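Owing to the predicted nature of the structure, the values given are computational and were not obtained by experimental measurement. Every chain is numbered from 1 and lettered A, B, ... according to where its sequence line falls, protein lines coming before strand lines.
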There are 2 protein chains.
Amino acid sequence: MARNGELRRQILEQARSLLLDEGYAQVSMRKIAAAVGCTPTSIYLYFDSKDALFHSLVEEGMGRLHEQLAVVVERHADPEEQFCRLCRSYLEFGLENPEFYEIMFLLHPEQLQRFPTDKYRKARRNLQLFADILTEVRGTEPDFDPLLGATVVWSLLHGAISLQLAKRVDARLATSDFIDQVVEHAVRMLQL
Amino acid sequence: MARNGELRRQILEQARSLLLDEGYAQVSMRKIAAAVGCTPTSIYLYFDSKDALFHSLVEEGMGRLHEQLAVVVERHADPEEQFCRLCRSYLEFGLENPEFYEIMFLLHPEQLQRFPTDKYRKARRNLQLFADILTEVRGTEPDFDPLLGATVVWSLLHGAISLQLAKRVDARLATSDFIDQVVEHAVRMLQL
DNA sequence: ATTCTTGGTTAACGACGTTAACTTTACAGT
DNA sequence: ACTGTAAAGTTAACGTCGTTAACCAAGAAT
């Protein structure tokens with residue numbers, strides 16, 4: 001049919017499409033193959049396993065997220081403004097790309113093998129964006145660890161997205177109010 | 001349908017045991033049946049589906065968690081102390097019962113059907129423990145919603161557990177430091 | 001004594017990830 | 001032109017999964 005990586009490209013494309021349409025759990029190698037128009041076996045010519053295939057998508061997602069966050073940092077000068085927008089942007093990414101967010105951060109080692117350490121570096125850049133601002137604002141304080149602070153903020157944002165996506169947040173709470181409060185609480189990391 | 005039987009008890013017991021030993025993804029109806037010493041089909045005499053079976057375990061987990069949290073509230077009088085301990089206790093539960101926490105809060109609707117709404121009420125009691133303290137401390141402020149505040153704190157705690165269980169937290173950060181910082185940031189919800 | 005009910009089984013369906021073995025295609029060396 | 005070989009894809013299968021239809025054994029009720 002197609003040569004030199006063309007099929008590989010199609011597989012990734014259809015996998016992403018199916019992921020967005022139906023969610024990770026509903027995507028099977030057989031469905032991807034059917035969508036592409038090849039046999040399930042052919043996928044194994046380009047990817048070692050289902051995990052490996054989705055790790056490629058994770059990598060793409062990490063790239064998208066970083067790009068989105070990096071733009072925010074560039075566009076604003078004031079650290080507090082940057083931090084605030086960074087939080088909002090992260091939340092937005094998670095809530096608007098639930099399937100991507102799922103394979104990137106929500107699936108556990110039992111479901112999807114942990115992301116290879118080398119590629120994990122890329123993921124850490126996102127955390128570093130938060131840490132950098134914290135360093136800028138609170139770097140002088142001796143007992144403050146920016147990486148630790150960033151991880152705490154990340155926990156808050158990640159938790160908010162997780163609960164929201166899992167529909168565990170009380171329905172009486174308006175999503176926008178919830179987001180606002182999460183961001184408001186996150187930026188407190190800049191104070192004191 | 002739910003009948004009262006010895007076999008039902010054994011099924012739940014072995015399911016829990018397998019869950020603790022191997023994690024949700026590795027537990028199959030066949031394995032449970034083998035551990036109990038019956039056929040996979042027999043499980044369907046007592047549970048409508050795999051989801052239903054695990055929902056029973058979720059219910060049990062919710063009970064355990066609530067018990068653990070309720071004790072903390074009883075044992076301390078000072079609201080701030082209560083809140084702080086509540087956070088620590090929640091984190092402790094998540095980190096020390098990863099498989100329970102997984103089925104209770106981490107699995108998404110695609111993997112495990114959402115917990116039935118009626119039983120979900122029980123789960124909400126836990127959130128209410130946080131909300132009650134917030135009401136006690138900040139109830140007078142007109143623009144403060146305790147339920148919303150509790151949900152934000154829950155997001156932080158839940159996110160911290162999720163990231164820790166998924167091994168996404170930077171290895172250079174000591175777990176105890178991370179926990180301390182999370183709690184410290186959580187109790188800020190009591191201020192201002 | 002015969003029917004009904006309870007509590008279990010056997011065997012199977014369709015779907016899954018993955019693999020071994022085979023075929024087809026393309027092309028390089030003689 | 002002919003052959004050897006490597007790449008690209010296929011067919012068929014293995015062992016797993018959740019779940020269901022059909023059957024069966026034994027006790028209770030009539």
Next item on the list: Output the single nucleotide from C:dC16, D:dC17, D:dT10 whose closest atom is nearest the side chain of A:K31.
Entry: C:dC16
Margin query: Output the rounded distance in Å from CZ (B:R8) to P (C:dT6).
Written below: 17 Å
Notebook entry, point to check: So, do B:F144 and B:T135 sit near enough that their side-chain heavy atoms are less than 4.5 Å apart?
Noted result: no
Check: Between A:R30 and B:M29, which has a closest nucleotide on DNA chain D that is more 5'?
Finding: A:R30
Next item on the list: Taking B:R88 for its side chain and B:V183 for its backbone only, find out whether a donor-acceptor pair lies under 3.5 Å.
Entry: no
Check: Got a second to check how far B:L53's CG is from B:R8's CZ, nearest 0.5 Å?
Finding: 8.0 Å
Note to self: Rounded to whole Å, please give me the gap between CD1 in B:I32 and P in D:dT16.
What the structure shows: 16 Å
Notebook entry, point to check: Under 6.0 Å between ring centres, would you say that holds for A:Y101 and A:H158?
Noted result: yes
Item checked: Between C:dA21 (P) and A:Y44 (OH): distance, integer Å -> 18 Å
Item checked: Side-chain N,O (B:T39) to OP1/OP2 (C:dT9) below 4.0 Å -> yes
Item checked: Base D:dT11 paired with A:T41 side chain (donor-acceptor, <3.5 Å) -> yes
Margin query: Is it the case that the side chains of B:Q128 and B:R124 hold a donor-acceptor pair, with the cut-off being a distance below 3.5 Å and no angle test?
Written below: yes
Next item on the list: Give the rounded distance in Å between these two atoms: CG of B:L45 and P of C:dT9.
Entry: 8 Å
Next item on the list: Can you tell me the distance, in whole Å, between the CG atom of B:D51 and the C1' atom of D:dC17?
Entry: 14 Å
Check: Could you give the CD1-to-P distance, from B:I43 to C:dG8, as a whole number of Å?
Finding: 12 Å
Checklist line | Length of the NZ-P vector between B:K50 and D:dT20, whole Å | finding: 14 Å
Item checked: Phosphate OP1/OP2 of D:dG9 contacted by A:Y46 side-chain N/O (<4.0 Å) -> yes
Check: Of all the nucleotides listed (C:dT18, D:dG9, C:dG17), which has the minimum atom distance to the side chain of A:P40?
Finding: C:dT18
Item checked: For atom CZ of B:F47 and atom P of D:dT19, their distance in whole Å -> 13 Å
